[in-house]
Amino acid sequence: MFGIFGGKKEKDVVCGMSVDPKKTSFKTEHQDVAYYFCSAHCKEQFEKEPAKYIGKSG
Ligand SMILES: [Zn+2]
């Protein structure tokens, strides 16, 4: 997982911002992993092409 934020924050993989999972309402799940975003825009971008941001496309 994302260790660089010390466990309290998650990284918005689209724009690179740190996001507090307890405060954001922009959340999606992909392959049983929860992802958090700073905005609806980032969430939409991720959902269009999740593999692009995860970097694990097969
Ligand atoms: Zn963002």
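Atoms within each ligand, like the ligands themselves, are counted from 1 in listed order.
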Next on the checklist: Using a 6.0 Å cut-off, check whether atom NE2 of His30 has over 12 heavy atoms from anything other than its own residue.
Outcome noted: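 Yes - once you tally the heavy atoms of other residues, nucleotides and ligands closer than 6.0 Å, there are more than 12.
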Go through the structure and list residues passing side-chain hydrogen bond (donor to acceptor under 3.5 Å, both in side chains) with Glu47, not counting sequence neighbours.
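Counting only residues at least two positions away or on another chain, Glu47 forms a side-chain hydrogen bond (donor to acceptor under 3.5 Å, both in side chains) with Thr28, Lys43.
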message: Could you enumerate the protein N, O or S atoms under 2.8 Å from the Zn ion (ligand 1), written like residue then atom name?
response: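 Atoms qualifying: Asp12 OD2, Cys15 SG, Cys38 SG, Cys42 SG.
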**Prompt:** Mind checking whether Phe46 and Phe37 have ring centres under 6.0 Å apart?
**Reply:**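 Ring centroids of Phe46 and Phe37 are less than 6.0 Å from each other.
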Determine, stepwise, if the pair Ile54 / Tyr35 fulfils side-chain contact (heavy atoms from CB on, under 4.5 Å). CA-CA 10 Å; Ile54 297 170; Tyr35 294 90; 3.6 Å; yes
task = Keeping the roles fixed (side chain from Asp20, backbone from Lys9), state whether a donor-acceptor pair exists under 3.5 Å.
result =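 Judged by distance alone, no pair lies under 3.5 Å.
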Testing the basics here: between Cys42 and Val14, what is the closest heavy-atom pair and its distance to 0.1 Å?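 Minimum heavy-atom contact is O-CG2, 3.3 Å.
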